[in-house]
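Down below is the structure, laid out as structure tokens.
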Amino acid sequence: MRHLLSTDELSREKAIEILDSASQISRLNQDTTRKFPTLQGKTVVTLFFEDSTRTRISFELAAKRLSADVINFSSGGSAVSKGENLKDTAQTLEALGADALIVRHSASGASYNLAHNGWTSASIVNAGDGTNQHPTQALLDALSLRQGFEIKDGEGLDGKKILIVGDILHSRVARSNLSLLPTLGAEVDAVGPGSFSPGCKYANLDEALETKPDAVMMLRVQKERMNQPLIPSDKEYSRFWGLTEQRVKQVPNSLILHPGPMNRGLEISSYAAESENSLVLSQVKNGLAIRMAVLSMILGSKNEA
Ligand code: CP
């Protein structure tokens, strides 16, 4: 594997290989914070044109745990403010020795252009491109689900019913999961108000929860990607589509996921985020293991990984 741009490119076997590798790393991380020599001599650049807490920090930590040299690039404070474009920025970083670029960009397809248009020969990992893809998020979601369902290594998510709820329209997390989770054998339904999920067959979340999903994945309402308001008000959205305390009690056996950052009180209540079935912090923790597994596969040898 030279790049990771989309979950569309992952076969079931490859996805399970990544999950199993991350699962092993996660167990090792529990016992020790020592470094592994896998990426000694390699340089990893986190190239972020959009804000991030979880993804950027976990990629940085993952690369450091694997003994790579790490450079963090944020577009703010860089030559991007003087008009430098993505191609020139990537080529500049490659000239400085970057072996891999971890790219977050507001333009869908930015990572694909870097990887396949000859703009750079560094490996590219898509850390979120516009509304298109966020493959390592879906992988960490799948690992969290597998752990939450107590499914053992080597297996997928066969027969599990996963309900993805909310702002499907703007969600690269949804798109990556809508591809990966069925590859792993899960049955996935994506629901939300008509403006976010055209053709949704449910009027509200109560109706959707009547299908008794094994897990409910709530999505952040991405107001920063809307040119005009697509929901009548936060209160109305929460009333029809928010995961309230009452709705959590409607599905007491369902696992709860949210990629973060959460809009508490809008798409998810604090009760849901902190309930005993919530995987929110496991998702964050698994982000480190998944990113270590992906970087090892892309830049290290399989045996070292
Ligand atoms: N889930 C996610 O991508 O979070 P960040 O924006 O904090 O990286």
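Each ligand, and each atom within it, is numbered from 1 in the order the structure gives.
- Among residues two or more places apart in sequence or in another chain, the side chain to side chain contact (heavy atoms under 4.5 Å, CB included) test is passed with Ala122 by Leu101, Thr120.
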Start with the C-alpha distance between Glu267 and Asn263, add both sets of side-chain angles, then the distance that settles side-chain hydrogen bond (donor to acceptor under 3.5 Å, both in side chains), and finish with yes or no.
CA-CA 6 Å; Glu267 72 267 358; Asn263 291 311; 3.2 Å; yes

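- Ala127 approaches Ile102 most closely through the heavy-atom pair CB-CG2, 3.8 Å.
- Around ligand 1 you find Ser52, Thr53, Arg54, Thr55, Arg104, His134, Gln137, Pro259, Gly260, each with a heavy-atom distance below 4.0 Å.
- With sequence neighbours left out, Glu274 forms a salt bridge (Lys or Arg N to Asp or Glu O under 4.0 Å) with Arg264.
- Checked against salt bridge (Lys or Arg N to Asp or Glu O under 4.0 Å), Asp158 has the following partners two or more places apart in sequence or in another chain: Arg12.
- Here the closest heavy-atom approach between residue Ala98 and residue Val45 is recorded as CB-CG2, 3.6 Å.
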